[in-house]
Amino acid sequence: MKIEAAVLRGASDPYVIEPLELAPAGHGQVLVRIVGAGFCHTDLLPRTPGFMAQPPLVTGHEGSGIVEAVGPGVTTIAPGAHVVLTFDSCGTCHNCLGAHPAYCEHFLRLNLTGSGLDGTGPVTDRHGHAVAARWFGQSSFATHVLATARNVVEVDKDLPLEVLGPLGCSVQTGAGSVLLALRARAGSSIVVFGAGGVGLSAIMAARVAGATTIVAVDLHENRLSLARELGATATVRGGDDDIVEQLRELTRGGSQYALDTTGVPEVITTAIDALRPTGTVALVGAPSQPLTLPAAALMQGKNVKGVLEGDAVPQLFIPHLLELWRQGRLPFDRLVRTYPLSAINDAERDAVSGTTIKPVLLPGS
Ligand SMILES: NC(=O)c1ccc[n+]([C@@H]2O[C@H](COP(=O)([O-])OP(=O)(O)OC[C@H]3O[C@@H](n4cnc5c(N)ncnc54)[C@H](O)[C@@H]3O)[C@@H](O)[C@H]2O)c1
Ligand SMILES: [Zn+2]
Ligand SMILES: [Zn+2]
């Protein structure tokens, strides 16, 4: 069928909206008409020279939409269902069977190459040339996508579908890191480094968990101010020289938990320094450079844990997050600003500059 999508033709090119041809839903696949698609910082990675996924490529991995058709073998979802799209996983490897699909043995190939396990894709351009369109099993900066039954999560029809896409990645990552990976306890302390889409979701989740000291660290005052509204009990400017001392004082000797969403090695070192003995820092930020730790950094029972996608089982966790939203306890929609899909280059610019926390592209407008 004919679709339209934002195609990245070169690593430093702007996106161009192009007509493309999408194959019918194959075995296990689900055709989804996209209603909204969040812009996540991970969508910038194919612009990095040498990265796994290479242009020409359709990115976008926080889609939400309506199922239009299902391929052979799909029994868990039917046309008409409202869905949030999330990361893909194989369903049969050790970690998928153990309810940790974000650590699927095939995670990188399924999600970050843009071309899936067999290296082929369902999309061609007007000249018949292939365009990679299996980014996170969706490539949702498009009017329609082929996902799989494993990476769609059905949601209630009364929910505001156009803004639900970020649940599939950034919100799930921030909230899951706190609630599932760190298992933050009531009365505990947590420092969240970076108050973007992931960090602010973590802050809302920390309040849900009952953490009583929630410190947000960022370089931008407007983000710190929003962090306070969403649950941070204190905020600290990231560039301050005495940041470790400030954090130790605010957390009465060090935080039990920390989350790094910046990927900046010096910030991660600060996060470890500011932990209390036995504390744990979760790392979710895409690392900008190799991480070097002083030999003594992890003494006193300190822990460092990499976390992907909040270690969530999306079909279980996203409905939980939506219940929290209904109760007003996870107002992730406050992070969103919508743009027509045709304004994707403005959305990307605003995400990079930080003026918009969570752009959501609307292919239908
Ligand atoms: N592990 C996963 O599963 C997963 C999932 C989604 C996103 N990510 C990654 O998480 C990261 C965060 O995503 P996001 O959408 O929230 O990005 P974002 O850019 O909106 O947020 C990052 C924040 O970090 C702040 N920051 C940068 N340097 C800092 C410093 N030195 N001190 C304090 N704050 C600093 C920025 O001001 C910004 O507000 C990205 O690297 C993204 O690729 C990982
Ligand atoms: Zn797997
Ligand atoms: Zn993402």
Side-chain angles (χ1 to χ4, degrees), residues 37-46 48 59-63 85-112 117 135-136 138 140 150-151 165-177 181 191-203 215-224 226-227 235-240 243 247 259-271 282-288 305-312 314 332 335 348 350-359:
F39 193 102
C40 171
H41 277 247
T42 305
D43 291 316
L44 296 169
L45 291 179
T48 312
T59 57
H61 62 282
E62 292 187 344
L85 282 71
T86 185
F87 64 91
D88 203 5
S89 57
C90 79
T92 55
C93 73
H94 188 93
N95 287 332
C96 282
L97 292 173
H100 297 285
Y103 307 124
C104 173
E105 284 170 20
H106 305 293
F107 185 91
L108 296 181
R109 276 166 68 200
L110 283 170
N111 294 291
L112 290 162
L117 280 190
W135 178 246
F136 281 78
Q138 49 183 291
S140 50
R150 279 191 62 77
N151 75 322
L167 287 167
C169 184
S170 356
V171 179
Q172 168 169 262
T173 295
S177 295
V191 180
V192 177
F193 294 84
V198 176
L200 291 168
S201 299
I203 286 165
V215 185
V217 183
D218 203 289
L219 303 172
H220 300 292
E221 183 47 43
N222 59 338
R223 293 194 169 205
L224 294 177
L226 184 55
T235 53
V236 173
R237 290 294 285 256
D240 290 356
I243 184 164
L247 293 173
L259 177 67
D260 175 69
T261 75
T262 70
V264 177
E266 298 76 45
V267 175
I268 295 169
T269 309
T270 298
L283 308 182
V284 304
S288 53
K305 179 172 190 164
V307 182
L308 275 179
E309 300 290 342
D311 194 12
F332 62 85
L335 314 183
E348 182 180 42
D350 293 351
V352 171
S353 72
T355 50
T356 301
I357 293 174
K358 176 53 68 182

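The model shown is predicted, which means the values in this text are computed figures rather than measured ones. All ligand and atom numbering here is 1-based and tracks the order in the structure.
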Tell me which part of Lys358 gets within contact of ligand 1: side chain, backbone, both or neither, using heavy atoms under 4.0 Å.
neither

Just wondering, do Phe107 and Asn95 contact through their side chains at under 4.5 Å, heavy atoms?
no

Checking a contact table here: which protein heavy atom is nearest atom 16 (O) of ligand 1, and how many Å away?
Val198 N, 2.9 Å

I'd like to check whether Val307 has a polar contact with ligand 1, where a contact means an N/O of the residue lying under 3.5 Å from an N/O of the ligand.
yes

Test of understanding: given a 4.0 Å heavy-atom threshold, classify the contact between Asp218 and ligand 1 as side chain, backbone, both, or neither.
both

Smallest heavy-atom separation, Ser89 atom then Cys96 atom, equals CB-SG, 3.7 Å

At the Zn ion (ligand 2), what is the angle formed between atom SG of Cys96 and atom SG of Cys93, rounded to the nearest 10°?
110°

Nearest protein heavy-atom contact for atom 41 (O) of ligand 1: which residue, which atom, what distance?
Ala286 N, 3.0 Å

Numbered atoms and elements of ligand 1 in range of Thr173, under 4.0 angstrom, heavy atoms
2 (C), 3 (O), 4 (C), 5 (C), 6 (C)

Report yes or no: does a heavy atom of Cys169 sit under 4.0 Å from some atom of ligand 1?
yes

Which atoms from ligand 1 have a heavy atom of His220 less than 4.0 Å away?
37 (O)

Give the atoms of ligand 1, by number and element, whose distance to some non-hydrogen atom of Val267 is under 4.0 Å.
30 (C), 31 (N), 32 (N)

Specify the closest pair of heavy atoms between Lys305 and Ala181, including all atoms of both residues, with the distance to one decimal.
NZ-O, 3.1 Å

After noting the C-alpha distance and the side-chain angles of Arg237 and Glu221, does the key distance pass the side-chain contact (heavy atoms from CB on, under 4.5 Å) rule?
CA-CA 8 Å; Arg237 290 294 285 256; Glu221 183 47 43; 3.8 Å; yes

Rounded to the nearest 0.5 Å, how far apart are CD of Glu105 and OG1 of Thr92?
8.5 Å

Nearest protein heavy atom to atom 28 (N) of ligand 1, by residue and atom, and its distance?
Leu219 CD1, 3.7 Å

Does some side-chain heavy atom of Val217 sit less than 4.5 Å from a side-chain heavy atom of Leu247?
yes

Non-hydrogen side-chain atoms of Asp88 and Trp135 separated by less than 4.5 Å
no

Among all protein heavy atoms, pick the one closest to atom 18 (P) of ligand 1 and tell me residue, atom and distance.
His41 NE2, 3.6 Å

Is the shortest side-chain heavy-atom distance between Pro101 and Pro314 below 4.5 Å?
yes

Taking 4.0 Å as the limit for heavy-atom contacts, which would you say applies to Ala351 with ligand 1: side chain only, backbone only, both, or neither?
neither

Evaluate side-chain contact (heavy atoms from CB on, under 4.5 Å) for Phe193 paired with Ile268, printing each intermediate quantity in order.
CA-CA 9 Å; Phe193 294 84; Ile268 295 169; over 6 Å; no

Strictly under 2.8 Å, is any N, O or S atom of Cys104 next to the Zn ion (ligand 2)?
yes

For Gly197, the atoms of ligand 1 under 4.0 Å from one of its heavy atoms are 16 (O), 20 (O)

Under 4.5 Å between any side-chain heavy atoms of Pro166 and Gln172, yes or no?
no

Which ligand 1 atoms are under 4.0 Å away from a heavy-atom of Gly285?
10 (O), 11 (C), 41 (O)

Taking only non-hydrogen atoms of Ile357, do any sit less than 4.0 angstrom from ligand 1?
no

Starting from atom 12 (C) of ligand 1, locate the nearest protein heavy atom and write down its residue, its atom name and how far away it is, to 0.1 Å.
Thr261 O, 3.1 Å

Val284 N/O to ligand 1 N/O under 3.5 Å
yes

With heavy atoms under 4.0 Å as the rule, classify the contact between Cys40 and ligand 1 as side chain, backbone, both or neither.
side chain

Heavy-atom side-chain contact between Val198 and Ser201 under 4.5 Å
no

Checking a contact table here: which protein heavy atom is nearest atom 21 (O) of ligand 1, and how many Å away?
Gly196 CA, 3.4 Å

Tell me whether Asp218 contacts the main-chain N or O of Arg223 through its side chain, where contact means a donor paired with an acceptor under 3.5 Å.
no

Examine all N, O or S atoms of His94, backbone included, and report whether one is under 2.8 Å from the Zn ion (ligand 2).
no

With rounding to the nearest 0.5 angstrom, report the CD to CZ distance, Glu62 to Phe39.
10.0 Å

Point-to-point distance, once rounded to the nearest 0.5 Å, from CD of Glu348 to OG1 of Thr356:
12.5 Å

So, do Thr42 and Leu112 sit near enough that their side-chain heavy atoms are less than 4.5 Å apart?
yes

Within ligand 1, which atoms have a heavy atom of Thr262 less than 4.0 Å away?
24 (O), 26 (N), 29 (C), 34 (N), 35 (C)

Quick one: nearest non-hydrogen protein atom to atom 3 (O) of ligand 1, plus distance?
Glu309 N, 2.7 Å

Quick note on ligand 1: atoms under 4.0 Å from a heavy atom of Arg223 include exactly 18 (P), 20 (O), 21 (O), 38 (C), 39 (O)

So that I can check it, does any N, O or S atom in His41 come closer than 2.8 Å to the Zn ion (ligand 3)?
no

Side chain, backbone, both or neither: which part of Thr42 has a heavy atom under 4.0 Å from ligand 1?
both

So Leu110 and Asn151, do their side chains get closer than 4.5 Å, heavy atoms only?
no

Which residue and non-hydrogen atom of the protein lie closest to atom 24 (O) of ligand 1, and at what distance in Å?
Gly194 CA, 3.3 Å

